[in-house]
Every structure is written in structure tokens, then in C-alpha cells.
Amino acid sequence: MEAVLALVIGVLGGAAVWLVLRPRTFQVLLGLALFSYAVNLFIFSMGSLFIGKPPIVAAELAPDLEHYTDPMPQALVLTAIVIGFATTALFLVVLLAARGLSGTDHVDGTKEQR
Amino acid sequence: MSVEMPLWAQLVVALLLVCSGLLVLISATGLVLLQDFFQRMHPPAIAYTLGSWCVALAGMVCFSVIESGPALHPGLISILLAFSVPVTTVLLARASLFRRRAAGIEGTPPPLSAPAGSASEVESPVASRP
Amino acid sequence: MILRRIVPAPLQSALLFALWLVLARSLSPGQILLGLALALLLPRLTAPLRVRARLRRPLRFLRYVATVARDVLSSNLQVASGIVAWPWRRPRSRFVIIPLELRDPVGLAVLAMVTTIVPGTVWSEIALDRSRLLLHVWDVNEEEAFIQRFKARYEQPLREIFE
Amino acid sequence: MKPELAHLIVVPIVLPLLVTALLLLLGARRRRLGSLIHVGAALANLLVALEILRRIHADGLPGAVKVYLAGNWPAHFGIVLVADRLSALMLVLTGVVGLAAAVYSSAAWGRVSVFFFPLFQIQLMGLNGAFLTGDLFNLFVFFEVLLAASYGLQLHGSGRSRVRAGLHYIAVNLLASALFLVGLAILYGILGTLSMADIALKVPRVPQSDRGLLHAGAAILAVAFFTKAAMWPLGSWLVPAYRTASAPVGAIFALMTKVGVYTLLRLSTLLFSSSAGPSAHLGGAVLLYGGLSTIGFGALGLMASLRLGRIAGFSILVSSGTLLAAIGVGEASVTSAALYYLLSATLAASALFLLVELVERAASGEESPLRYAQLELDEDTNLDDAEAALVGRDIPVSLALLGLAFMACVLIVSGLPPLSGFVAKLQLMMALFNPGGAQVAHEPTAVTWCFCGLLLLSGLSATVSLSRAGIQQVWSTADHPARRWKVVEVAPVLALISAAGWLTLSAEPVLHYTRAAAEALYDPRGYVEAVLSTKPVPGPASGAGEEEAP
Amino acid sequence: MSSLLSGACTFALGSYAVASVVVVARLIGGPRAQDRVLALDLLYLHGMLAMLVLGIRYQSDIYFEGALLIALFGFVSSSALAKFLLRGEVME
Amino acid sequence: MPLAGLLLLPFIGSLLSAILPTRARTVLAGWAGLVSTAAAAWVLLLFPRVKGGGVLRQEIEWLPSAGLNLILRVDGLAWMFALLVTVGGALICLYARYYMSPDDPVARFYSCFLAFMGAMLGLVLSGNLVQLVLFWELTSLVSFLLIGYWHHRVDARRGARMALSVTALGGLALLGGVIVLGHIVGSYELERILASGEQIRAHRLYPVALLLVLLGAFTKSAQVPFHIWLPRAMVAPTPASAYLHSATMVKAGVFLLARLWLVLSGTELWFWLVGGVGTLTLLLGAYIAMFQHDLKRVLAYSTISHLGLITLLLGLNSSLAAVAAVFHIMNHATFKASLFMAAGIVDHETGTRDIRRLSGLIHAMPITGALALVASASMAGVPLLNGFLSKEMFFAETVFLSSHPWLEVSLPIAATVAGVFAVVYSLRFGYDVFFGAATSRLPRKPEEPPRWMRIPIDLLVLICLVVGVAPARAIGPSLAAAAAPVVGGELPEYDLALWHGFNAPFVMSLIAIAGGVLLHRLLRRAQRQGRFNEVPLLARVNGRRAFESLLVGLTRLSRAALRVVATRRLQPQMFAIIAVAVLLGSASFRGLPLTWGHRERLPASPAFALFWGIGMACALGVAISGKFHRVVALILMSGAGLVTCLTFAWFSAPDLALTQLVVEVVTTMLFLLGLRWLPMRLEEAHRSVGLRTTGRRARDLMLALATGCGLSALSYALLTRPAPQSISPFFLHRALPEGGGANVVNVMLVDFRALDTIGEITVLGAVALTVFALLRRFRPPAESIDRPHQQQALPADVVTDLVNPRATDDIGRGYLMVPAIISRWLLPVALLVAVHLLLRGHNEPGGGFVAGLIVAVALIMQYLVFGTHWVEARVKLLPLRWIGAGLLLAVMTGLGALAAGYPFLTTHTLHATLPVIGEVHLPSATFFDLGVFAVVVGATLLILTALAHQSVRAHRRPGARGQRSSAAEAS
Ligand code: NA
Ligand code: NA
């Protein structure tokens, strides 16, 4: 399963990079959003992944990494998700403003430049 | 995980789960198989209703047995679904009607609200989004 | 009247209270107290957006729910078998226009929910004056019979309940 | 530290946030009160920073470090705020520039949008936090805080070119932030900790099989900082973004690349110190050559620019490159000089950004500098034939002050005597030629020559370009009737210049300080020990004292 | 966890996964936007069902809230999409 | 008395004059003159102490740790220059009082003037090379201000800029040279450096140091090819020219050469470089001077020539020549200053400086004429004047040089030729202006200037005469004192006599004078015929033009270069960042190969493999459809988001799953709101894709692949490694007992890492504010100002159920009837769920973030079905208040700990036993989470509603068609 997860992260990241390098603002936006998925999964995969061992401590289990998954990456990802959402929103609005002001959705605000 | 369920409960839960799996498979198959969009709107209802009811029931049985008390919360999901799914369906069907009329697709009924005689709610077929 | 002021929407409050207990998965005094507080508070907070409707015949409504549940089961099987049999037998799907007598928006909303959760019918369009409903039906033999059955089974009870 | 003032370290973070909340709750109605709070908070921020610096310096120890355990959790578990000499210095710099920009902005900028002041305060909070934090992920968060505010500030006022530049600025920074996270995640995956001090302890013990990954993580992390520090070729975003920003924003932005530089300095000395085993001095060459090429790039840009705004932007690039290269050299003496340079360059660049706006306000409607460049070649007036009279013109006091301030900026930016820019470059070159002090024989390497040559060359190109633009845009301003500049606009400029002047006069104590800061950086044991040995306050909330090894 | 239950869970999860793959064919293939919206809605449902089954599989309540949220809010995205298709703007 | 006083005197004077009334010219001139005179007197009084080789020294601490202190040091050379500077200054002040127009606000002039004097004094008194550089640049700067004094004149601005650019170049080079010298010697102190001549000349870096120092000296002293700035600097007011460009600033270069002569000279390199440049400058300057028509330019080029002469003398590696150089420095200062002042008087009285227009002025101003004639004779090297003496010494040096044979011949010839030229330009200045027929075609009628204006010239010319007649008596001791330090204290044998016999130098002088007179006649005749009005051979060479071309060329070149190394386009920037990351990332594995770990692998789950396959398909789909099919891309992205969410759920991260899910919903809503304003892109049917585009796409694809592979490899490597010795067990251990919560992730957010959370909500708030501010000024694209095509497609007169909620108050109509009722039913449910998740968050999955997002989504859903107007007419949301209050609550919760003596954000738990409820634990973290909740609600609502408001605004915007048709729509 590790290989598949790694593959997912890679594909998300690769697709994001491709989009980020495109000349249309909306593509860049999509790319940045996809990249944040990739990054979030990447951070998440740094903790030792376990199934069915959420970091919600119960009295009967010893509080160690045998019985619970690593909470740290989760806390980091949680913060990253929210920040990612905020920045995505911001980029979207800036993109709209740029489209309105420059009359084109090219990232450089110039007309066709393929 | 510490509690082992009695066999009857296991059987019930397993049966419900298998049913749900099969129903969901069927509904998905229908979505791909059927040719017309409005026809395709029917199969998901299987998954929304019986497909999820089975799982919810399985959950209720399972957690009631484990916690040795009535666990109603999985059932909540089915109720909530009954409320939320119609919103999408109603809007989506209406949108589809509109788009089909705009694209001038055969077999789309005329708008209900327009007075008799005006065939379309749109002036001319507009280029619509894919 | 004082009770009315404290509990402006008793049904809503009751449902919310029940919902809270189910969510909390506990019947501890604390949760009950909290649930009560929320059940009283939330309807107030959302008062400007509350749906004003009266459930005139609650028992009739419960029977109606049972009918729908039964129909859901049978329709599920019908549609599922229709899909499985699709390569051999195509369902006769078509649009059906149903003349409506039910005008209450809440009743109509319930009707929409019913058509949605019962497989085989899709609520497609309602006339602006709520006089006609466009349904897409999965498999219909005789249109008139279907209309009659639909009105009797789903619309008529709602008129009794809400109007 | 006296117990009653133990919380001083957290004030630079909490105060701006509190003010932000207040300003938001105050709403748009009470502008005057709002701008009063805004300026007052900036002043308080500076005072607190000064007090922190004073306390740290008063310790007199080589590795004076004050540690604050936010949340009362021991260092490598909770987030720890660390104020050492370097942090304190950056805090003070932030305080000075922040106050100047705040005063300047109180003139008119708040009126344009009610959100200017809150965003400004958030920016201050982000800067202070980034300089104080001792936790890698918290650093990311504070980076995001200062960036989020900077996006808003950069876009402040909207307009086509601004939004376009902002789009690029945001896109680039979002990408860099993503890389930051990737790098950070790898470091966590290998080391299992986020506390910088703890990382410094663990890096030498990383097994050989994991070291490649560790280096890759550090490299990706570094690329994020390179981008934020505008290292060539990752810094093309800077000039348009800074040029289009409004004046007080540009002034505070002058600090932002310095955050990247600060972080690189902090992390490279902490993680890859000489005691880091096989990873010692990792990436020094990249920093050095990247920095050098950035100086060259900045010098080119200066030469190519006619508009003051662009020139100010490129001068930031030059300073960024200089700092990066100086860090890349990896010698305490060079770093010490670089810190002095950082102070001087930041003050000058901030003043320049404020000036640009004042000048451009006066010179609006002037002929375009581009046409001016054309003109230069075309005509060749004989001295006698010039029509203008040989009688001087009056220069209003405000303009004279402004002109002098501009000149001072030119001097500092290009490193001409007698102001701090000269001292800084001199110190840098002296340190490069004699890293071990004047008495230690040392053969200058090609890099030394290259570095010094670029320093001088960039100075020259700054002189040429600033004098060209200055003559065109500042001097010709004198032809116009008196302009309306408010005292609150001119005063911050003069204050920043005076601060630079003070730096020159007090070069000895300042350099003494930076030397101590640099030496502590290159011997991070003090930092690590101080952080890891700080105990939580014992009490019911935190079972302190019974701290156990991870 | 008995092998019977875990087998049933695996079967259910597998069915959902296969069903989702089938649905994704519509999601990607369309042909029209309404098909994709419908497919997305269904995909969310499958996700919800998968969470519930995971809850049963690991006999843990923590998956329930996820499912609850999908049941409560899964429709918001698809309704917004549908409204967008119909009116060209989400909020008028 | 400390020397610092002498140095400070002019600076204090400068500051004072800046604040004196700006038109009080007599007061100002008097003040400046007083200061200069005092300084001059001070300097004069120092003579006895430096006469016998004594050195005065004062050290002021500046940067002791770096070995840099301000050292004021007076030896003979410094004394001589200080005298030139101060006495010259005093004379010029007097002159300027009359020269400057009464209308001129001269405070600035005197202020700069005195500042310049101070800088120059600082330069010559420097006992430390760094300090010398400091004052060196200061003179450049102040001279910039003086040259550009009349800054309203374009030539003044340009001249000033050119001077600054050239001398700044030199100054920076000099700084480099000084650094190298300091590196060689280990100190920047002049005395240590002067004592280390051998060491320096033998050092490997000597050539570098020499070149850099010479670059400084040559630019300052206007040596070819850096001479171009000097003629252009003549736009300065004449008093400034007389001061800066005769006696002081231009002498700084030769002063430096003399100062370091002991250390740097004596090598072949020195000889060729200094001598060569000097010779060239001598000849070229004199040559060009002959053909100038502007009096001041004649003087400027002659100054260049004389500076060349001095340089040449210093370059000859002979101590006698060095003495001659020092002597000529003094002589040149006297006659050139007086000539400048005379030129100023001519200009002042006649209104022109054009030699061609001036003639026979001797009749109108006989005394001035006489003085000018004497001074120009001195410049020409006529016997009985001081210029003759030093020139004779120069001729002698060229004759007695022992070097290559060809040089031994050609150098005297060159010197003689330069002498001839000097006579010619001197005649042009003296003869052409004052003799000949008096002309009446002048702008002003000339007459003698005020008597006091002439006094400085009187004095200087007197010095010329006295020195010329009785050199040994007049100047001997001073020269000896000044020259001794240059050559190291041991003066060579020389004889300051008027008559050395009929020797080769004398013959050369004679030839020069005779040849000069002859050449002048020829030139005069030719110029009358209209020839030789331009500099022959060099007419096309224009220094200024060359300089400007150089600058413009450099500017253009750097622009071209900038286009290569920088970009204003986004794509290359993004490419660079990713590429550098990939490159550096892979370079890290050089020598440390990437290996997979041995952690026990996760059990295989085909179901999840399939789900992940879906995720990948969706991601690829987004990449493909992002350009033309935005809605499709959006839908596919939701798919990828769902898979991410499932992954979180599967791998035991319920909190992440919840948050991701709601964020997903909000993001979709956000994108759709945005798409409303993003005009559609239609795929062109036959779009030809150029080769360049294909290439770029291939390149991007490669990078995308590389990044993907890199990320995969990294994550696989880390996934397969055993978990590191993590700090996490601590959190698991402490969460419940000390953090007061069982949900460790939540406890981390609100307790262990609460500072992160504070930052995070601040980010959210900042972004919301930014979005709101930006949207207030939002101008939609022209294409989408109108209502969307779906709405336009509806004819206004057709009755439809597709009602616009803006147009009707009764929302129970049309297609929205059912959604409206259901979403209103769901609102309290959603709020209840939000409260549920908020309250349980500390112990079970949930928390402020999710709860806040849920509330926001529930409210946004109301916007969706009812429209903005309807909702906002009924519910006051005030998102800004939510943000402010939330931030305040979070911070105040954190600050609460301070009151108890604990650090910021320390959690406290309230344990209480209530009557019915029983035991209650209320951690302060709950309030913190409540703050988080409020900020999230406020920020999300602010962002989304701000976007939603655009539709309302667009509706109101004039020109939008919505206005007209909406009424019809409603009917
Ligand atoms: Na149905
Ligand atoms: Na705590």
C-alpha cells in the first residue's frame, strides 16, 4: 500500500506542477490547490501510518506509538489545510481582480502569449 | 475491538453489508449503463436509500451490541440523507432540463410555466458548457 | 402563551433535543441539560429563517412515512432488477406531467423528498403556479394509471396533513 | 530575567494581535482612535524590542539566550520562543521600521481602507514571530502570517499593475510555502522533532542511510527560503511586487526578504554547524554562489532601471544577495559584518521606499524617465547657450530635507561614505580579506575577489542609477511650487536616516554586538542548551520538573 | 474481529471501491456537466458508506462524524454545482 | 589645541550657514570667509611644528576593534595642502561675495562650500587610509552639489552627475585598493603603510592594489580617459570652479599619488602606468585646450594638462621629479585659481565667456586684464613667474631621465610640444580676450569689477610674481617641508633658482614660447577664416557624449541582460523554483544514495488501491481539463479531495477527514462563486500549436514528471522507514492528564501547539480582510458584467419558474421552493452538529475549525437558495466582528495564564462539581477553541459573502442588463 500512496502523492504533485506551469490563472489556481493536497498527504505520510489507531487516548491502552498513530503530522496537516484553504481563496480573488483589470486570464496579464 | 459480537449479530451485520455492497454496485452500474441522463438519475436513489439503510442498520446493530445499549446514531445518517439528497436532485434535474432545452435535445418536454404556445424557455440554443 | 414564548417552535425543539441526545450518545444529566438549552436556543437564533408550517395530523403523517418506507423498498428492488435486466429489457422511462392540487410549499417539499427517495421517480420541474409537476418516471406502463396512483398514494395524504 | 517581566518575549507577538482584534472590533467609524492605537502599538512594539535587546545584551554572556515556553511545555514538545542576540536585533529592526511605516501610514493610508491598520499589525506580528520562534513548523505559521498580511498590504489600493504583480507575488510565495512544508515534513520524518534546538542535537546522529533524505529535506526547505529571500534566479517576483506596493508597505517589505535571510542564517548555523558531523556546512556553496549571482543580478537591475521604485526594489535584491553570500562564507567575522550591513541596508531601503512615494507624488506629470534617457544622447548644449539663468533657486526646507534624505539613502545604498552603508561594506570587505582578523595571514581566494568586486560594482551601479533617477525625479521636483508633505510623512524618513546615522556613529558598539551575535550563531551549543534546559513553571497545569527524555 | 465480519466489510468496501471506479468513468467521461455532478454526488455517498463500514470494521465511533458530515453537507457542493449550471451564478 | 577642532571648524561653519538667512549674502560670505581665514591662520600657525619633518597627530576612537580610528595627521605635505585649501577658501569667499547674484539664495552655496572645505581638509589630514577614502568620497559628493548648484539648468544636472559617477567609480576602486593595501600591511594606518613600502611592492597583490589606487587617483585628477567630467563640471558657479577645479579637489588625486609615492612608486609598473597616463593627459589636455572657445573650458583643459604634468612627474620614479611635482601643485593652484576668478570677472562683466566674442577688454578693465595676463603668462611658463620654475624643473626631469633610449628622446620632445600648446592656450586666454579691437557687441558693457572682488586675484598674482622672482626665499622652506614627506624625509639636491644657466631645459622653454607664439598666430588666422573651430582630429570625440552613450549603452545592455537572467513572466519563475528544488533535492543524494526502509508494510487493501486510483485519475483529469473545462476540473478536484479525505479517515486521522471534508465543500462553493466572474474560454477548433509551445509543454511535462517521481520516491522512502525517535509519545502521554483532552490532535492544536493555531487563525483573518478589501474595488471583466448567459437566455416576457431571488420577496416560488424549505430545516440541525463537534472536540474528533466551517457552510447554503438580499435583510452576520471577537477571545484566553503566573497559552482546567450534572471539567482550551471557531466562521463568511455581493453589485452597476429584465423575470 505504501507504494500506491507514494504514487498518489507523486501523481497529485506532478499534476499540480504541470498546472502551476500553465499560462492561465485558473490553471495555476487548480495547480496550487492540487499541490496542497499532495503536500498535505506528504506530511501526513511522515507519521507512521496505522489503520484504526486514531490518536484519541483511551484509559486502557498504553499511550505510545504502538497503540496510537503519530498525532504530530495530523496537527500539522490540520493547520496546513486551513492555511491552504485561506490562500486558495485569496489567490482566486486576486485572479478575478486581475482578470477584471487586465481583460485576460493570462498569468502575465498580457493577451495571447502561448 | 475488545468486544466479540454474538454470531447472530455478526450474521445480520455481514448480510446487511453484503447487500449494501451489491446494491451500490448495481446503482453504479446503472449510472454507467443507461443512455439517457434522466434515466441515469434513478439508479443513485438505490444507493441513497436501501444501499445506505443497510449500512446504517448494520451500524446500529453492531454498535448496539458492542455498547450493549441502543445506538441510534447510524440511523441518523439515513434520515439526514433523505433531507439533503432531494436538494441536489431537484436542482440537478431542473438544470438538466434547462440545458437540454437550450441545446434543443429531442424528447425534452416544454417548460411547464410558459403559457401554451411558447415552446422554449430560451431564445435560441446557446453554447452550453460541457 | 408564556410557554409559547419560551418554546416558539415546539416540534423543532423536540426534534433538536432528540437529535442532540442521539449525537451525544449519552443520557447523562449534563448532556440532557445541554440538549435542552440548545433545543431552546437554536430555534431562536434561526427564527428569521424558520419554516412556518403546521403539521395538522401527526399520526396520519407517521402512517404516510411508513407507506413511503415500504414503497422505497419495493421500488428499490424494481429499479435494481430493471438495471440488472437492462441488457434484455429496457424500462419504459418517460416524463409524466402530474396535475397538482397540493399547494402548500411545505407539503410540496415533502412530496419532493418522497419522489426523490423513492427510486423510480425524479422531481424535474414544477410550474410557477404549482399547478403541475413534471416527473421523470423509471418505468411506466400506463401514464394515467400512474398519475392516479401517485396522486392518491403521495399527494392526497399530504393535503390532509398540511392543508 | 526578572520574573515579573519574564513574559516580555511574547509581547511582540501578542500585542499586534491584540491591537488587530481591537481595531476590527472598533470598526470603520473611529478612524482617528484607530490610527492612534495603530501608531501607539508600533511604538510599544519598538520599546519592547529595545528592552528585550537591552536585557539580552546586559547578560554579557557569549551565548545570551532568553527562552519562553509558550503553553508551559518543555522545549522540544511545546513551541518555544527564543530570543538571542540575533533575534533581538531583528526585533528592534522590525520595531524601528515598523514604527516609521506606521507613522507614515497614519497620514493617509488608513483612510483608503479600514483594513490597512489591522493588516499592518498582523504583518508586524508575523515578522516578530518569525524572528522569535524556535520551532520549525511555528516558523512556517509565522511565515504564513506575515505573508498573508503582506498579500493584503501589497494589493492595498488595487489597480492593474499592482494586482498583476500581486498575482505573481502570491503564486510564487504559495509555491514556496508548499516547498517549505515538503522540506519540513521530510525533516520531521527523519528526525521526529520540530524544535530547532532538538533538530540541531539530532542532526549529527542521523544514520548514514537517512542522511541523503535529510539533506534533500533541508535543500527543499532552503529553496523556499531562497525564494523568499529573492535569491537569483528565484527572485524575479520581488521588484514588481515591491515597486507597486504603497510606500509604507514597501518600507515594511524591506524587512521581508530579511526574514528569509534570517531563517537561512539561523537554520544553516543551527542545523549544519561545524559539529553537525557529515552535514557540517551543508549548502554553504549554494548560498555563496547564489548570493553572488543575486548581487550581480541586482546590480544589473539597478543599472537598467530609471524609476525610483524599481531602483529601490533592485537595491533590496543587492542587499539580499550580499547577505546570502556573506552567510555562505560561513565565517563569524563576515556574518557579523553582514548583520551590520543588514541593519544599514534595511533602514536605507525602507527610507527609500517612503521617499519614492513622496517624490513621485511631487513629480507626477513629469516627463517619463525613458524619454529622458533618449534625450541624453540627442542634444549637446553648449554651456553658454543654456537659457536658464545663472541664479540659484530657492529650495523649501521640506524639499531640502527630503533631498538630503534622498542623498543619505543613496549613500547608504551604494555604500558611499560617510554613512553606515560605507561602514558596512568596509567591514564586509575587511572581514572577507581577513576573516580571522587583521593579524592572521590569509590568502584571499577567488571568491573573496569576486565578492568584493561585486560589492564595489553594485555600489557603483547604485550610485549611477540612483543619481540618475534622483537628479531627474528629486532635483527637478524643486522646480515645482511647494508640495504638501505632512510632517508625519517626512518625519519617519528622517528618523530612519537618523537611525542609519546613529549606526555610523555607534559603529563600534553595534559591531561589538553583531560580533557577539555572530559568534553565538557559529557556536550553537549555548542556544541548544538554553532551549532544552529551560524548565516549565511548576504547577497544576503542567507536571513540570518531571520532564523525561524523548 | 471475526473473519466473517471482516470479510463482509472487505466485500462492502471493495464493492464501494469498484462502484466508485465505475462512477468515476461518468465523472471523467461525462458526457455533460450534469452527469459529472451526479457522479460526484454519488462518489461522496460512496465515501460516506465507506466510512461507515470502516467504523463497523474497526468497531470505532470516530468514523461516524465523517459520515454524518457527508450526509449533511455532501449535497452542498453538488447543489451549488447544479445551481451554477442552471443559473450561471451560485448566489444571486 | 587638538586638530579635530581644525577639521570640525568648516563643518560647523557649514551647518551654521545652512540656517542663516538665505539671501544675507554679505553675512554669509563674511561668515564663510571668517571660518576659512580662521582655519588658514590655524594651519599657518602649525608650520613651525611640521617644518623640520615634524608630524602632528591626533587619534579619535571610532572602530578600535577593527583597527579603524580617526587619525588626524599633519606632516609637511598635509600642511601644504591644508594651506592651499584654507587660504584658497578664504580668497574665494571674498570673491564669491561679489560674484554671486544678489538674487541667489546663497546660503546653500556657502554651506556646501564650507562642507567641501571640511571634506578636503579631512582628506589631506587623514592618517588612516580608510578615513582618506571616506573624505575622498565626501569631496565627490559635496562637489556634486556644488556643480549642480544651479540645478534648474540641465547642463548643471548632467555635469554634476557625470562628475559624481566618474569620481564615485574611482572612489570605490580606491576603497578596494585600500582594502588590499590594508590586507597586505595588516593595518590601514598611514604611518604603518608608509613604513611598509618594501613589503607592499614585493607582495603578490601589489599590481592589484596599485591599479585600484591609481584608478581612484586618475578619476579624481581627471587623467585621460577619466578627464571628461572636468570640462563639464565648469557649469559650477565660478567661485566653486576656481576652488575645486584648480586648487583642491582635482589635486586630491595627485595628492594621493604623492602621499603614497613612497610606497607605491619605484617599480616599472608605476613608471609606465603613472608616467604614461600623465604624458598622455599632459599632451591631450593641452591640445584640446588650444581649440576651446569657452574661457572656463580652456582653463579646464589646461588644468587637465597640468594635472597630467604633475602625474607624469610623480611617475618618473625620481625623487627630484616628485619634488617638482609638489612645487607645481602649489604653483598651479595659484595661477589657475586667479585665472578662474579672472574668467569669472570677464563673464560677470561682459555676460559671455566666448573667446570669439571677446576682444580688447584691456581697455575696459585694465587692472583685471593685467592680472589675467600675468597669471596666464605664469601658466605659459614665462620666466620670472612661478609657473616657469616648476615647468623648468619638469623639462629638466624629462631631459635627465635615464630609461629606454627612445624614451630619453621622445619624452623631452613631448614635454616641449606640451609647452608649445600651453603657450598657445595661455595666449588664447590672455591675448585673444584682452587685446585686439574693443568690441561693443557684448551682452553687457564691461567695466572694472568692484575692488574687493579683485583682491583675491591681486594676492594670488602677487604670489606668482614673488615666487617667480625669489623662489628660494618665498617658497623654499614650505616646499622643503611639503616635499620631504613625499620622498621619505630625505630631500634630493635641488636648486630653487631663477637662472640655472643656458641649459637644455631653458632651450626647451624658449622653443616652447617661441613656437607657442607662432602657433597662436597661425591658429588665430585660421580661426578667423572659420577653420579649426572644432578640435582637429578629436572633433568627433565628445567626452560627454561618450559618457552618456556609455551609460545609455550600459543601461540598454543591462536591460538586455536582465531579459535573459530575469523575467517578468510568471511561468519561468515558477519553473525556476520547482526546477531548483528538484535539482537541489536530487543533488542531496550524491554520495548518499536513496534507499527504501524496512518497516513492516501495511496490509494490502485492494479497495483503497482502487480509491487511490480514482484520486490519481481525478488529479490527471484536473490537469487535462483545467484550461477549457473549468467546471469539469472543479468537479474532478472535488473527487481528488474526497479521496484525500478518505485516506485521512482510513489512516486514523478522523479530525483531518472532517476538516478536509468541510473545507472541500467551502472550496467548491468558492470556486463556483469565482467562476461566475471568469468568462468562459472556448476551445478553438483549429488552434495551431507552435513548435515553441510544444517545446515548452514538453519541458513542463518533464519537470512535472520529475517532481512527481521525486515526491513519490521521497514519500516511499519515508513511508517504509521505521518511525523516528519521535517526540510524539510525550503528547500521547500528557494529553489526557495535563492537556485535559483525549483527542491528542485537538489538544495539540489548542494546547501543545496553540501558538500555531493562533497564527493560523490570524492568517485566516488576514486573508479574509484582504479578500474583502480587494473585492470592494472589484471591477468584473467586461464579458461577465452582464448576467450569465443562462439568465440572458431567458426572454424577459416568458413566464418561468426560474425566478431570481433578487426580484422577489416570496422565495417559496419556482424551482427554489423545495431547496429553500429543506435548507431552512437543515440550518438548526447543522448548527446543532456544529455545537456538538465544537464541544466534543477536546476528547473526540471535532473542534473549533470544523464547527466554524460547518456554521459557515450552513449559512452559505441559505445564501445559495435565498439570494444575498433576502438573507441579509433577515440576519445580521457581521463577519468582521466575528473575526475580531474570535481573535480577542483566543488571545485573552492565552493571556489569562499570565495572571496565574504561567506562560502565555498555558491551559488551566476548572474542576467543579455541580448539583445535578455532577463533575465538570472545563479546560481553558475550550474558550480558546471557541475563539478559533469564531474566527473561522467570520473569515469564511466574509470571504464567501464578499464574493456573493459582487452579483448584487453587478446588478446595480449601470449598463448591466440585469436591471431592466429582472422585473420582467419576476412577473
Ligand atoms: Na427517486
Ligand atoms: Na498547557
Side-chain angles (χ1 to χ4, degrees), chain D residues 10 17-18 21 24-25 69-72 77-79 113 115 122 141 144-145 148-149 152 158 168 175 179 189 192-193 209 211-212 215-216 219-220 223 227 233-234 236 300 303-304 376 386 388 391-394 416-418 429 433 438 456 459-460 463-464 467 471 475 507-508 537 541 550, chain F residues 63 67 101 103-105 134 137 151-153 155 157 161 164-165 168-169 172 176 179 183 186 548 558-559 561-562 566-567 570 573 576-577 580-581 584-585 588-589 592 595 718 724-727 730 752 755-756 759 762-763 766-767 769-770 773 777 884 887-888 891 902-906 908:
Chain D
V10 84
L17 189 57
L18 216 52
L24 285 180
L25 290 176
L69 304 177
N72 205 24
F77 303 119
I79 291 171
S113 152
F115 306 125
I122 294 177
V141 171
E144 289 306 307
V145 169
S158 198
H168 289 194
L175 192 59
L179 292 179
T193 184
S209 59
R211 202 163 280 281
H215 291 185
I220 294 170
V223 173
T227 310
L234 312 178
S236 298
L300 261 184
M303 202 58 222
E376 283 180 330
V391 176
R393 296 265 178 95
D394 272 319
L416 291 178
M429 290 201 278
F433 269 98
L456 294 176
L460 180 69
T463 314
V464 169
S467 64
I471 286 171
W475 241 349
E508 177 67 17
V537 181
Chain F
L63 277 171
S101 158
D103 299 330
D104 210 320
L134 193 152
E137 294 283 31
H151 56 80
H152 53 282
R153 290 172 56 114
D155 52 355
R157 297 205 288 262
R161 187 177 145 223
L164 181 67
S165 302
L169 164 75
L172 288 171
I179 296 278
H183 172 71
E548 300 289 1
S558 27
R559 287 192 169 187
L562 214 55
T567 174
L570 180 64
Q573 294 187 45
I577 293 172
V580 170
L584 288 185
S588 308
F589 294 104
L592 298 162
T595 53
L718 284 155
Q725 271 215 328
S726 165
I727 52 177
F730 177 89
F752 293 112
L755 201 58
D756 279 351
T762 312
V763 170
V767 165
L769 294 183
T770 305
R777 297 177 149 224
L887 286 177
L888 198 63
V891 177
Y902 289 96
F904 185 57
L905 291 173
T906 306
H908 289 268

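Residue numbers start from 1 in every chain, and the chains themselves are labelled A, B, ... in the order their sequence lines are given, proteins ahead of strands. Treat the numbers as computed from the prediction; the structure is a model and nothing was measured.
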Next on the checklist: For Leu460(D), which atoms come within 4.5 Å of any heavy atom of chain F: side chain, backbone, both, or neither?
Outcome noted: both
Next on the checklist: Given heavy-atom pairs under 4.5 angstrom as the criterion, report whether the side chain, backbone, both or neither of Val145(D) touches chain F.
Outcome noted: both
Checklist outcome for this item: Of the listed Gly176(F), Gly884(F), Pro903(F), the one with the largest count of heavy-atom pairs under 4.5 Å with chain D is Pro903(F)
Item to check | Interface residue of largest heavy-atom contact number with chain F, from Ala304(D), Gly152(D), Ala148(D), Gly78(D), under 4.5 Å | outcome: Ala304(D)
Checklist entry - If you take all heavy atoms of Val223(D) and Thr227(D), which pair is closest and at what distance? => result O-OG1, 2.7 Å
Checklist entry - Of the listed residues (Leu172(F), Asp756(F), Thr762(F)), which shares the most heavy-atom pairs with chain D below a 4.5 Å separation? => result Asp756(F)
Checklist entry - Which bit of Ile79(D) is near chain F, if near means a heavy-atom gap under 4.5 Å: side chain, backbone, both or neither? => result both
Checklist outcome for this item: Okay, Ser467(D) and chain F: the region with an atom under 4.5 Å from a heavy atom over there is both
Next on the checklist: Ring-plane angle category for His183(F) and Phe433(D), please: parallel below 30°, perpendicular beyond 60°, tilted otherwise.
Outcome noted: tilted
Checklist outcome for this item: Interface check, chain F: of Met303(D), Glu508(D), His215(D), Met429(D), most non-hydrogen pairs under 4.5 Å belong to Glu508(D)
Item to check | Among the listed options Leu25(D), Leu17(D), Leu234(D), the residue most often paired with chain F at heavy-atom distances under 4.5 Å | outcome: Leu25(D)
Next on the checklist: Is Leu300(D) close to chain F through its backbone or its side chain, or both, or neither, when contacts mean heavy atoms under 4.5 Å?
Outcome noted: both
Item to check | Option that, when pairs with chain F are counted at under 4.5 Å, heavy atom only, ranks first among Val464(D), Val10(D), Leu18(D), Leu24(D) | outcome: Leu24(D)
Checklist outcome for this item: Max heavy-atom pairs within cutoff under 4.5 Å with chain D, candidates Val580(F), Leu169(F), Ile179(F), goes to Ile179(F)
Item to check | With sequence neighbours excluded, residues passing side-chain hydrogen bond (donor to acceptor under 3.5 Å, both in side chains) with Glu144(D) | outcome: Ser177(D)
Next on the checklist: Is Leu416(D) close to chain F through its backbone or its side chain, or both, or neither, when contacts mean heavy atoms under 4.5 Å?
Outcome noted: side chain
Checklist entry - Where on Thr463(D) is there a heavy atom nearer than 4.5 Å to chain F: the side chain, the backbone, both, or neither? => result side chain
Checklist entry - Which answer fits Thr595(F), side chain, backbone, both or neither, if we ask what part of it has an atom under 4.5 Å from a heavy atom of chain D? => result side chain
Checklist entry - So which of Leu69(D), Leu179(D), Ile220(D), Ile122(D) has the largest heavy-atom pair count under 4.5 angstrom toward chain F? => result Ile122(D)
